[in-house]
A.B. asks: 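Input: one structure, supplied below.
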Amino acid sequence: MCGGTAQTTNSPEGWQDSAGCVSGAVSGPGRIYKKLLCTKIQKHAEPGRSTDHMDLNNSWSCSEFDLNEIRLIVYQDCERRGRQVLFDSKAVQKIEEVAAQKTEDVPVKMSAKCCPGGSSGSNSSHTSSGGSLHHAKEQLPKYQYTRPASDVNMLGEMMFGSVAMSYKGSTLKIHYIRSPPQLMISKVFSARMGSFCGSTNNLQDSFEYINQDPNLGKLNTSQNSLGPCRAGSNLAHSTPVDMPSRGQNEDRDSGIARSASLSSLLITPFPSPSSSTSSSSSYQRRWLRSQTTSLENGIIPRRTTDETFSLAEETCSSNPAMVRRKKIAISIIFSLCEKEEAQKNFQDFFFSHFPLFESHMNRLKSAIEKAMISCRKIAESSLRVQFYVGRLMEALRDFRDTIWNLYSVPRIAEPVWLSMMSSTLEKTQLCQRFLKEFTLLIEQINKNQFFAALLTAVLTYHLAWVPTVMPVDHPPIRAFSEKRTSQSVNMLAKTHPYNPLWAQLGDLYGAIGSPVRLTRTVVVGKQKDLVQRILYVLTYFLRCSELQENQLNWSGNHSEGDQILNGSKIITALEKGEVEESEYVVVTVRSEPALVPPILPLTAAEKRNPHPAGSTETPEDIDMRDLGPRPDREGSSRPEQSSEAGSVRYQEPALESSWKPQGTFGETEESRKEVPQGCSSRFSSCEVLGTEIKVNQQTVSEPWKVEIPKRLPDRSVAWPCPSRHFREKFPLEKVTFQIGSSVSPESDFESRSRRMEERVKACRQDPGSASSPSAKSRVPRDLAQDQQVSRCSFEPGFREDACRPQPQSSEGDGGESDRGFAEDRGIRTDTVADAAEQHHHITDSCAAPNSGAGVRGSTLERARGQCWQEVEGLSLAPVPARCVQRDSGQVPVADVPCGDADKRADCRMQGDIPRNESSDSALGDSDDETCASAMLDVGLGMEASLEVELPLPRSQSISTQNVRNFGRSLLAGYCSTYMPDLVLHGTGSDEKLKQCLAADLVHTVHHPVLDEPIAEAVCIIADTDKWSVQVATSQRKVMDSTKLGQDVLVSSQVSSLLQSILQLYKLHLPADFCIMHLEDRLQEMYLKSKMLSEYLRGHTRVHVKELGVVLGIESNDLPLLTAIASTHSPYVAQILL
Amino acid sequence: MNAIVALCHFCELHGPRTLFCTEVLHAPLPQGAGSGDSPGQGEQAEEEEGGIQMSSRIRAHSPAEGASAESSSPGPKKSDMCEGCRSLAAGHPGYISHDKETSIKYVSHQHPNHPQLFSVVRQACVRSLSCEVCPGREGPIFFGDEQHGFVFSHTFFIKDSLARGFQRWYSIITIMMDRIYLINSWPFLLGKVRGIIDELQGKALKVFEAEQFGCPQRAQRMNTAFTPFLHQRNGNAARSLTSLTSDDNLWACLHTSFAWLLKACGSRLTEKLLEGAPTEDTLVQMEKLADLEEESESWDNSEAEEEEKAPVLLEGAEGQELTPCPADSSLLSGCGSWQPRKLPVFKSLRHMRQVLGAPSFRMLAWHVLMGNQVIWKSRDVDLVQSAFEVLRTMLPVGCVRIIPYSSQYEEAYRCNFLGLSPHVQIPSHVLSSEFAVIVEVHTATRSSLHPVGCEDDQSLSKYEFVVTSGSPVAADRVGPTILNKIEAALTNQNLSVDVVDQCLVCLKEEWMNKVKVLFKFTKVDSRPKEDTQKLLSILGASEEDNVKLLKFWMTGLSKTYKSHLMSTVRSPTASESRN
């Protein structure tokens, strides 16, 4: 910045360097940077004696972040004249001229006045740093505006896009520029301006005057550089009609119905307290948010932002008839550090805190608007430019400061509530520590009811504590002192994901009541130690949710990932993946291939040549098909089946060596494993359908399974029960619980699987003897046969095909399989239980025709019956044909009369091998849950049966505590100066507060960081020097100029609470019990608010006496209790407002 | 995550095209909602969105729609599509994945079926590939507005030996309405999407290299005179991504990957949100219920119910067996709903107070609150029953032991509410005891004078009630604080019955909280008497009657609570290790 023009314009390195060497020179921001660093260090150096635990630290190390690397560009795009740079901070040089006399005229002073939070405010910090900065009022530093940097055209292109958009509202863009690493955030606004008063023309004109830069557009000597006010009557208004502008106190009802928070106003109140709406308000906020931002039903623009860029003074009415197509883009560019770590840090911060960045950007925008408008009043070109540039630089400096502050502010290391929630080990110590501080404050600083007033205010406005005391109806899972996490919210997050960061931000600001209020708290005081204590204690009452970061992995062991899938394609992908992995190691982006291998659907090739069931194929072929597509299923709508097929694929990797893709029969080492290949996959798929993914995992490794279960649940409503049965029966070779995000299975299932495992082991040890005769019989069979069998069973539709004449099976598309489906279902419902049972018998008999003859006799009868039913359903189904078909592949079954039945039997055979007792009563073992889910599946399946189903891979979730969230970043410690975003912080003096607060509050309402309209912005100011607690709000102007807001009424509920906690503590009741009691008392307040809301249902006026007599609610409690009530009974606000 | 992920392609012939698009379908209502979690909002949401939602849902899955995506979907006409602009073969129904646990479905088609979404995706696609400018042309951009949704886009090239410049241009876009959410997810999405892109590019590179090896295009092209139509003519200008990557399963793979991406992004951050502890009443009710269940397990009368979610069960059972929850009493009080039965019953405490008269009621209530035995003698079982149901609302659930109607006297330790038939003899020591109160219900003579005026009390007017106790309460005694407050609430006709109910809830909880402290103090920690006295005054309960009341109410503490306190005393660290 102090460097020459040449340096700054071109290479970024040069830029950086010049910025770096600035220190001694002019650059304001550079100075701040240094200064803040110092303060930070100081803070670390002198921790308060008793406040060690409140020690402050930075969540974000920002040493790598250079303020000067925030660049501002303003661009305009006019239909007629194309694009012009209106400002580029990189092109601005500051000239140290003590006597900038010319600029010392009216507009400057005016600017100082009309831009609160602007010059003087931030200046104070600058000057205090002892720099060579000048007060704006006295000497406006003279800036020289040079040629914009060379990249500016490119950046303009990025801001506006290469094609003009017709959209009138504002658009938001974020670009990442790789080299040099930069992050650009830009907003494009439609301009609203005077029709003939050439607005920015003057500016353009002026720049050219200075620059003589032809690139900046054609010189436009606008005559009318005077009096935009005069021009006002003709001001054009390009705001689209559907975007009503609004006054600052309006309810912005364009958005009201859509706003998650405000719409709570419209919602019928919750029923009686008996309904278990424990965390209802939190829950509801989140639910509504997920609904209002839903894409499922098409989009509903939630609110029409009337964000235009105003080039006309607000006092001027605009003339909509004169619309000129002009857009203004404002862009902020953050140069990122080349160091990965620092870069990542800042990016993390930027993206997680984006709402705050955006809010400040909006501020910057309004400052620019104002500068543009007011500079037009200046007739003389050079002055005008000087003024304009000065103002913009000032605004930019504010922006830089704010961002810097936000990034680097000292934070409370151990917010009490969050720590209690998350830390497991030190809870008692934590309680003791907190209670010690808490009671100390009650005792020492409650003179004048100061502390009670502060707590009253905090409880009244930061309402997120309310859901944490609403009693629930379910039993506590754990100990008493511990509240449980809200299950309903957890479930909601799973089924209807919303943005937890957003939810947390709302909680912190207390924006959960209705109407929505956004609250911050500032503790002012010279005694740093005391202020820090207060801040620390308040972090118990300023509550929010704790965030967890979950890394979801789809393959448990990606080291195995290499063998994923069939064929070389996958392997290549993986190779590539590994290469990439090494590339990304630093970023730690992935630990697994990003392309999730599908659990295969039908590939096109396979679709094209469907294999008839009985056709004699090479084992390889069959095998392949087993894994992949069912010929006849292809294109047909059978999600379940394809999913089965898919799941096979999927599990392969997990199976490790147990399965080799495509035609690797001969290669498989263990015959045991070879045999079951198809089956195992099928079985697992069945599990997928019927139950959770987890189960799936377990069964993967188990090769014995047959598809019965699979088929059952997915096909027929009536059949789900057996699946459990089978599960139980089927031995598991290896139980690997993959704990994913899925709901844990019934506990008894685990034990069952253990049992299974044992059985399996038994079987495994000597497969021949341990297993049933049928198993033996199976052994001799050749693989192909096995395969065939399994394949047949694999697919119901297929099976039917088999019964039918060939043509059908080869027909292979939707119609046919659909039919099959229908038939199937019919049959199934008829024969549920019986059939299931029979299958076992049949299986046995089929599998071991020789040994199981006796059994077979009877079972066959039944089987036949069933079979006939099926046949009837089919109405065609020439048995002989089918048998023939099957015969080709499978000798032993030849004597089974009925095609379908025996076919099934075949399949089942394998499953039954280990356990031959076909009469297993487990059939009757109805697992409701399984049933239910199976039925659900069927339901879903039928509904959505059009698409081919591909199962999702099972998941494994690794959770870590997320510290980069608002709960950790917006609860700050003792800061050198007042700051606008923080939910909580302390500061030494209220000087800046006085200057900025009103504007900040207004800004907060206008540009709510919550991305939805809010009704009011509130700031609680506790002054430990004056022992006063005041509440400032965006809604009321304070009459008394000595005050920032209104004094707080001390709630007697709160003071009695404080007193009793103190007394109990003095009676040496243990800290955690005191805290339990504290929570109980907070719960009492909640209950009283319930009563109050009930009372208000029938009354429009509160007769305080009535409440007082009965419940001890006094008038000073009313603000608190109504605020609490507004979180659960929105109508309260309506009544009282 | 409420988003759409799509793969877009800039076709040399047709410009920007959406190739493949994965949407998320959620269950219309959250799963928790069924358990009474938020009936209000549930309904509300249904009203507000339900219509649209259902219809669109059905639409999306209606056979006509899905089966013939080609014909009815708003997508481009067949003629406008070349191999390069197509993903799934014509007539391919698309893919679907179910996430069982969350009831979320991920559906993939070439285009969304929903017309509005179609245009949103289309717009995002066009913007991503031909409007927005990304330095280097490959890389991430975020853009969007409220009207068209917000988009995270990552553009990239895929090698194609036959394409102009040997590469084709694609983008993967993520569209959301929740702008903040999308921006928050940028680092995550960038990592994942780039991973997908890298793998796609890797596959394509292999193919490209193989093709170059077989037939070096560059050399060939260098030798051929440039003809502008060459690429369009040779038919290879439009190669599908499947062939460029030589992966027949590419679309299935992308479906799974996109679905996975959506799932992973949606569950990337989760919050832990605490809710309040259950009230003592709730706890006790649950304990009682658990006992009942244990008992009834052998009869196994509600197997099915047990499979249900606990809260449902609880609510159901509460209604059946543990009547005095506020909902019930409000039912009772709703005159209208009870009118038809015309049973002579008490509807509320206020009603009872009117019927008995203030002094009698006060005496009765006093005894109830202090845990003395309350005996009702009447021929009318329903009446007695209703009296108990009403009276018990003054006490914590744990303090209520009712024998609704007995043919013999039962000792006080067995019950504090006892209903007796008129003939049963009450032992004389009970009659004279100050710890018992007896309400005798006689059929009234015509001249009965109880102060009821309302017509709905007619059923009760045939009775007259005599309340007696061994030692009548002195009229000037202040009595327990809670009694006075209850009386005040009952007296004040401005307070609706619902308010009174809430009021009772508050009062009970308030006093139970005192009980808890006292219990901790005396029973757990066994602190000396002086301390206890101090404590009582802190609690505002040092008067004799209040102390008595607290002592009685202590018996109503839940086992859960008591054992928790006891255990933490025994092993102070016990509670720490949990979480």
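A, B, ... follow the sequence lines: proteins, then strands. Residue 1 opens every chain. Because the structure is a prediction, the values reported are computed rather than measured. Heavy atoms only: backbone and side chains are in, while hydrogens, waters and symmetry mates are out.
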A.B. asks: Could you check whether A/Glu947 and B/His109, counting side-chain N and O atoms only, form a donor-acceptor pair closer than 3.5 Å?
C.D. replies: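 Yes, side-chain donor-acceptor contact under 3.5 Å.
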A.B. asks: Shorter than 4.5 Å, heavy atoms on both sides: which option in B/Cys134, B/Ser97, B/Ser108 has the most such pairs with chain A?
C.D. replies: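 Winner by heavy-atom pair count: B/Ser97.
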A.B. asks: For B/Ala3, which residues count as a side-chain contact (heavy atoms from CB on, under 4.5 Å) partner, sequence neighbours excluded?
C.D. replies: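 Result, side-chain contact (heavy atoms from CB on, under 4.5 Å) vs B/Ala3: B/Met1, B/Thr174, B/Met176, B/Leu262.
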A.B. asks: So what's closer than 4.5 Å to chain B heavy atoms on A/Asp1080: side chain, backbone, both or neither?
C.D. replies: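 Contact with chain B involves both backbone and side-chain atoms of A/Asp1080.
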A.B. asks: What residue, out of B/Val126, B/Val193, B/Thr279, has the most heavy-atom pairs lying under 4.5 Å from chain A?
C.D. replies: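 Answer, by heavy-atom pair count under 4.5 Å with chain A: B/Thr279.
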A.B. asks: Under a 3.5 Å distance rule, please check whether A/Ser162 uses its side chain to pair with a backbone N or O of B/Cys131 as donor and acceptor.
C.D. replies: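 A pair under 3.5 Å: yes.
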A.B. asks: Most heavy-atom pairs under 4.5 angstrom with chain A, which of B/Gly266, B/Gly144, B/Gly139, B/Pro140?
C.D. replies: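 Ranked by heavy-atom pairs under 4.5 Å with chain A, first place is B/Gly144.
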A.B. asks: Look only at the side chain of B/Lys272 and the backbone of A/Met421, and say whether a donor-acceptor pair between them is shorter than 3.5 Å.
C.D. replies: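 Judged by distance alone, yes, a pair lies under 3.5 Å.
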A.B. asks: Check for a donor-acceptor pair, side chain of A/Gln1083 on one end and backbone N or O of B/Ala277 on the other, with a separation under 3.5 Å.
C.D. replies: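 Checked: pair present.
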A.B. asks: Heavy-atom pairs under 4.5 Å with chain A - which of B/Ile183, B/Val24, B/Ile141 has more of them than the others?
C.D. replies: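 Max contact count across the listed options: B/Ile183.
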A.B. asks: Let me know if A/Met158 has heavy atoms under 4.5 Å from chain B in its side chain, its backbone, both or neither.
C.D. replies: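 Both backbone and side chain of A/Met158 come within 4.5 Å of chain B.
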A.B. asks: Answer yes or no: is there a donor N or O on one side and an acceptor on the other, between the side chain of A/His175 and the main chain of B/Val133, under 3.5 Å?
C.D. replies: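 Yes.
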A.B. asks: Would you please name every residue forming a salt bridge (Lys or Arg N to Asp or Glu O under 4.0 Å) with B/Glu271, sequence neighbours left out?
C.D. replies: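 Testing B/Glu271 for salt bridge (Lys or Arg N to Asp or Glu O under 4.0 Å), a comparison that skips the adjacent residues, returns A/Arg286.
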A.B. asks: Would you find a donor on one side and an acceptor on the other, under 3.5 Å apart, between the side chain of B/Asp498 and the backbone of A/Glu1094?
C.D. replies: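 No: the side chain of B/Asp498 does not pair with the backbone of A/Glu1094.
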A.B. asks: Can you find a side-chain donor-acceptor pair between A/Asn550 and B/Ser267 that sits under 3.5 Å?
C.D. replies: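 The criterion, which ignores hydrogens and geometry beyond distance, is not satisfied for B/Ser267 and A/Asn550.
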A.B. asks: Go through B/Ile104, B/Leu535, B/Asp531, B/Ile175 and name the one with the most non-hydrogen pairs under 4.5 angstrom from chain A.
C.D. replies: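 Of the candidates given, the most pairs with chain A belong to B/Ile104.
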A.B. asks: Side chain, backbone, both or neither: which part of A/Phe1073 has a heavy atom under 4.5 Å from chain B?
C.D. replies: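 Interface part for A/Phe1073: side chain.
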A.B. asks: Between the main-chain N or O of B/Ala27 and the side-chain N or O of A/His496, is there a donor-acceptor pair closer than 3.5 Å?
C.D. replies: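 Checked: pair present.
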